[in-house]
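Working notes for the structure below.
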Amino acid sequence: MVRPRYFFSETFTSLKRNFFMGFTAITTVAITLFIVGFFAIIVYDIQGIISSIKSDVELAVYLEDNISEELKEYIEQYIISWEETDAVRYISKEQALERFKKQNEGSDILKEIEGNPLPASFEITLNNPEKIDRVALRFYDKDGNFIEGVDEVIYGKNYVNTLFSITAIIGTIAFLIIIALLLAAVVLIFNTIRLSIYARRKEIEVMKLVGATNWFVRIPFLFEGFFEGFAGSVVSIILLYFINKFLWIRVERVIVDTMRIKELAIVGSGNVISYTYIGVVVVGGLIGLLSSAIALRRYVKV
Amino acid sequence: MIELKNISKIYEDNTVALKNINLVIKKGEFLFLVGPSGSGKSTFIKLLIKEIDESNGNIYIAGRNICNLKSSRIPQLRRNIGCVFQDYKLLPNKTVFENVAFALEVIGRPGYEIEIQVPQVLKLVGLYSKLNSYPHQLSAGEQQRVSVARAFVNRPPILLADEPTGNLDPGTSEGIMKILSRINLIGTTVLMATHDRNIVNSMRRRVVELEEGEIVRDQKRGVYGD
């Protein structure tokens with residue numbers, strides 16, 4: 001017994017006649033999902049900033065001045081062979097001096113330099129900066145001395161560790177806030193839809209008493225729940241669109257200009273915004289549908 | 001048509017609502033179920049539409065034992081039993097037409113049939129002119145007539161009425177009884193629970209009296225009692 005026309009007309013007349021309840025549900029969905037969506041974008045950007053700061057972390061391996069070409073070659077191959085290695089850059093003594101001069105242009109310190117006291121080095125960036133401790137250890141032998149050809153390994157051990165624990169905390173907090181907001185949204189939407197079904201429990205009872213099957217009772221309510229979730233989330237992405245277009249994109253441009261960060265939600269190439277919009281609509285529709293389904297369970301049993 | 005064998009109902013709070021009821025109601029009969037409040041009349045009716053389950057015994061409707069009915073078969077049972085309630089149980093946000101049409105939509109009748117049947121039954125109960133009114137725009141008697149129309153629109157072989165005149169004044173009640181009689185005349189088995197003495201006395205139909213969950217009297221062409 002498939003009667004799509006009955007179910008559609010039932011859904012829409014019911015939405016029309018229970019306008020206030022439907023309106024309340026739609027606004028609740030719109031507001032809560034707007035907050036969740038906006039916060040998700042902020043969190044994405046914070047994560048972008050964090051990973052950009054992390055990837056700036058470098059390991060510098062200073063080489064002994066008299067290192068042989070073979071050994072240098074050998075060490076470079078050794079570094080490249082590690083799976084943690086993202087990139088290795090060789091900085092010769094001359095390049096190091098050049099850079100030093102540039103960094104200290106006009107300073108008195110340059111006059112005091114005789115010859116080239118700076119060592120050649122490898123600068124290593126890692127695909128997972130958190131493993132920097134482990135990677136650094138490979139330049140030591142069993143007795144705690146540097147391996148042959150290496151003079152010093154520098155990566156700001158304390159700075160890096162503090163940075164990682166702070167970013168880990170920020171990441172966790174952001175994640176928890178997103179979860180909490182999402183939970184709050186789910187609970188609010190669920191309660192609103194449950195209330196609107198509760199208000200019509202008599203109607204369900206009558207349907208059951210005149211011989212409606214459970215699915216016959218459920219389907220219009222499920223349509224309605226889905227529609228409310230869907231409509232609410234569409235409103236929320238319209239709100240998101242405007243706040244992104246007129247406010248958040250400016251914030252991101254400032255971040256991009258000042259911090260040289262490439263991947264942010266709006267200005268990035270990753271289409272994060274589209275996925276956020278799609279996600280909001282999917283979540284909205286699903287919450288509406290599931291809320292109705294769960295809320296109905298009690299009342300359908302007559 | 002309806003047969004109850006050793007039916008008992010004990011509620012969860014240990015109230016005994018019905019004790020060992022044995023009763024046969026024949027096809028086409030008009031039966032009053034009388035007795036004071038709390039004597040088990042409503043429980044009796046709720047058992048027949050499986051709104052509640054019996055504690056003991058068996059109920060046969062059209063030869064079929066409804067006590068071991070799967071829950072998925074309950075809607076089918078209810079479609080063969082029209083039900084009129086003391087509080088009408090109309091859907092407040094549907095019009096008179098829609099309330100009645102609903103009983104047909106539930107059983108999957110096509111739209112054109114609904115368009116024909118609903119006005120017909122509304123004429124039967126005298127509410128054809130109020131097709132598009134909402135329940136709150138109707139008087140109590142009119143609402144009850146809508147409820148009767150809804151119960152009867154798919155021509156069920158059995159019609160149950162639980163205190164259908166409980167909220168109505170005598171004149172209005174008489175109108176409802178006329179409709180129920182007419183429905184009975186065309187072959188429908190009607191079972192009506194009531195404690196409306198005047199109605200029972202004026203109709204002279206079979207009377208079954210309940211007291212504290214037991215049948216104390218079963219009388220053809222009976223009256224309400226003392």
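Convention: sequence-line order gives letters A, B, ...; per-chain numbering from 1.
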Flag yes if more than 12 heavy atoms outside [X] fall under 6.0 Å of its [atom1] atom; otherwise flag no.
X: A/Phe164; atom1: CZ; value: yes
X: B/Arg64; atom1: CZ; value: no
X: A/Phe23; atom1: CZ; value: no
X: A/Tyr277; atom1: OH; value: yes

Trace of the side chain to side chain contact (heavy atoms under 4.5 Å, CB included) decision for B/Glu51 with A/Lys208: CA-CA 9 Å; B/Glu51 196 179 339; A/Lys208 289 304 302 286; over 6 Å; no
Verdict with reasoning, B/Phe85 to A/Val206, per side chain to side chain contact (heavy atoms under 4.5 Å, CB included): CA-CA 10 Å; B/Phe85 308 92; A/Val206 173; over 6 Å; no
Value rounded to 0.5 Å, distance of CG in A/Asn214 from OG in B/Ser72: 9.5 Å
Structural part of B/Gln76 lying under 4.5 Å from a heavy atom of chain A: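 It is neither, since no heavy atom gets under 4.5 Å.
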Close side-chain approach of B/Leu90 and A/Lys202, heavy atoms under 4.5 Å: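 No; the side chains remain at least 4.5 Å from each other.
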4.5 Å side-chain heavy-atom contact, B/Lys89 and A/Val210: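 When only atoms from C-beta onward are counted, A/Val210 and B/Lys89 do not touch, as no gap falls below 4.5 Å.
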Neighbours of chain A found in residues 132-154 of chain B - heavy atoms under 4.5 Å: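 Counting heavy atoms that sit under 4.5 Å from chain A, the residues of residues 132-154 of chain B involved are B/Tyr134, B/Arg150.
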Evaluation steps, side chain to side chain contact (heavy atoms under 4.5 Å, CB included), between B/Lys46 and A/Leu209: CA-CA 10 Å; B/Lys46 284 178 179 166; A/Leu209 289 178; over 6 Å; no
Over all atoms of both residues, closest heavy-atom pair of B/Pro75 and A/Gly211: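 Answer, listing the atom of B/Pro75 first, then A/Gly211: CB-O, 3.3 Å.
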Where A/Met207 and B/Phe102 come nearest, the two heavy atoms and their spacing: CG-CZ, 3.1 Å
